[in-house]
**Student:** 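One structure follows; several queries about it will come next.
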Amino acid sequence: MEKLLEILEEIDDSIDYENETALIDDHLLNSFAIISLISEIEEEFDVEISASEMTVENFNSAEAIWNLIQSKLED
Amino acid sequence: MAYHENLYLLVFLPLVLIFYQLVPARVRPYILLAFSCLFFLANSKWILIPIALTVLIWQCGVLMERVRKETEEKLPSLDKAGKKELKEKTEKTAKRILVFGILAILAVLFVSQYLHFTLENIAGLLSLGGIRLKIPSWSFFPIGISFYSLEAIGYLVDVYWKKIQADHNPFRLGLFILFFPQVMEGPIASYKDTAMQLWQGESLYIDRISSGLFRILLGLFKKMMVADRLARVVTCVYDNYNHMYGIMVILGAVAYTIQLYMEFSGSIDVVIGSAEMLGIRLPENFRQPFMAQNAADFWRRWHISLGTWFRTYLFYAVSMSKSVKNVNKKLRKKYGKYASMVGTSAMALLPVWLATGLWHGPSWTYIFYGFYYFAILLAETALMPYIDKLEERLHISAKTPWYAALNMMRTWVVIFTGELFFRAKSMHQGLTLFSHLFTGSFFPKRGVWDILTDQRAILLEKADYLAILFGIVVILIIDICREKELGLKEKILQGPVLIRWSVFYLLIAAILIFGAYGAGFQAVELIYAGF
């Protein structure tokens, strides 16, 4: 989780990722930020995220993103 | 029968509500479907097209599900390698079904919207080599095809992505595609958004009816008070594009942008209000677009459902594809993060904006409009890190009031320029108007007000401009309240009866007394109904 928070901080350090639960709903992360985030995640965690997983639910909070990564690692 | 016409508002919609309420809940969806077909037929004879699309996506969805189910049943008897092989084979088959479905939908869309345009351009090219081809004209335009084609494709992709289960009920899918308030101008909904709601057949409630009525009245107010009047200024500028002063071009572009907003968002108000009366929540299509801080922000607020569709099904599909990811990785290794971000954005934005331009119709001005926003959005993305640094150095942020106001006005210039070309009938017309900003006289000798109130040209009087101004101020106040999330509508609807009904009567009175009617005014057709 720490690694993920580091990646997120690097994209935008003005957001309180530990408590924010509407990253997408409140337009805090735009689609360009999401693309950067995904390429960082894929490199860091050696997972592959597909277009079908690009849902609001998967990216609205750091926890949701972390859960997505975990589910990918378990596959 | 458009949404702002008496036939829809005073006959069709009340009849739907009455029949809907009178029949048992399980029959209600069928009543909606029957009235939806009737509405479609009142506007276009090509009802077989949406019906065929429904049958197509119904069968493609069911087929995708069936092959996956058969695989699931076979899996337990296979070893690990066999399981992997069968799964891959199944997904390939599912993909083939998906591609077939999408191509079939796009083929119909192409024939109805783009075939004539393509042939005309081919004939134009051939004529350069001395070959003359005569392209016959034909009329094949199933109304709203650009809207429900996207909904149909979205449904198939969602089934393929396993976001939803395939619907085995063709009537429910038919209602999702043909639902009368949405069929002509959107909002483009996903299956998840509306299909199940539409099928529930909930009873009508007075609260929902009055809330829907409020929304409809607001939409009519926008169109009749402001849009239909501004249409005259716009028509005058574009009809006389060869002899326009610079200031009139600016006024024309601003007037058209406001007209388009008032008319399109007004129609969507009627659409959402009509659905709300039936207890159905449609996705919002506008969110105070003129308060956007940049072009990207504008497209998150303007025609939201179109932007959402392209972002979900094209932008992410392209940017997450293997080839783009590979290029991204290479760029990253060789030139760093910044280059890979700009490179990926360019690769994903280009098809999105080419498609967005073309989606509006077969015209070079729309293609130009798409490329215009592609260039602007790419520039915004590329400049973002530099702007962030500059803001840091100057100790300003997006929340600094004067800076936010400046960004908002800068975005207006981008919007007005885009709409100047969007409204043009040809690139020649658009470019000629644009060139008037820099060549010839900028101000007319006789004064701008004289031209605006010229009874031979624009046919608007001082009172009309006052009505426009009043309408804009009212909508501006409502939009500011929405932006600040003050819940104005809820306060009115849940407040004392006296206030609620006063607002209703004021809106009705404003539409009846000050709406653009009479001998001088002809009904102005809905712009987006043509797409």
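All of these numbers come straight from a predicted model, not from anything done at the bench. Labels below follow one simple rule: chain letters A, B, ... track the order of the sequence lines, proteins then strands, and each chain is numbered from 1.
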**Student:** Establish, from distance only, whether the side-chain atoms of B:D193 and B:S190 form a donor-acceptor pair under 3.5 Å.
**Tutor:** yes
**Student:** Do B:N328 and B:S340 have side-chain atoms, one donor and one acceptor, less than 3.5 Å apart?
**Tutor:** yes
**Student:** Looking only at the side chains, is there a donor atom on one of B:T194 and B:Q197 sitting less than 3.5 Å from an acceptor on the other?
**Tutor:** no
**Student:** In terms of heavy-atom proximity below 4.5 Å to chain B, should A:I34 be classed as side chain, backbone, both, or neither?
**Tutor:** side chain
**Student:** Could you tell me if B:Y313 and B:D158 have a donor-acceptor pair between their side chains, going purely by distance under 3.5 Å?
**Tutor:** yes
**Student:** Can you tell me how far OG1 of B:T90 sits from CE of B:M64, rounded to the nearest 0.5 angstrom?
**Tutor:** 13.5 Å
**Student:** For B:K162, is it the side chain, the backbone, both, or neither that has a heavy atom closer than 4.5 Å to a heavy atom of chain A?
**Tutor:** neither
**Student:** For A:E40, is it the side chain, the backbone, both, or neither that has a heavy atom closer than 4.5 Å to a heavy atom of chain B?
**Tutor:** both
**Student:** Among A:T55, A:I35, A:N30, A:I38, which has the most heavy-atom pairs under 4.5 Å with chain B?
**Tutor:** A:I35
**Student:** Under 4.5 Å heavy-atom distance to chain B, tell me which part of A:S14 shows up: side chain, backbone, both or neither.
**Tutor:** neither
**Student:** Among B:M384, B:K337, B:M341, which has the most heavy-atom pairs under 4.5 Å with chain A?
**Tutor:** B:K337
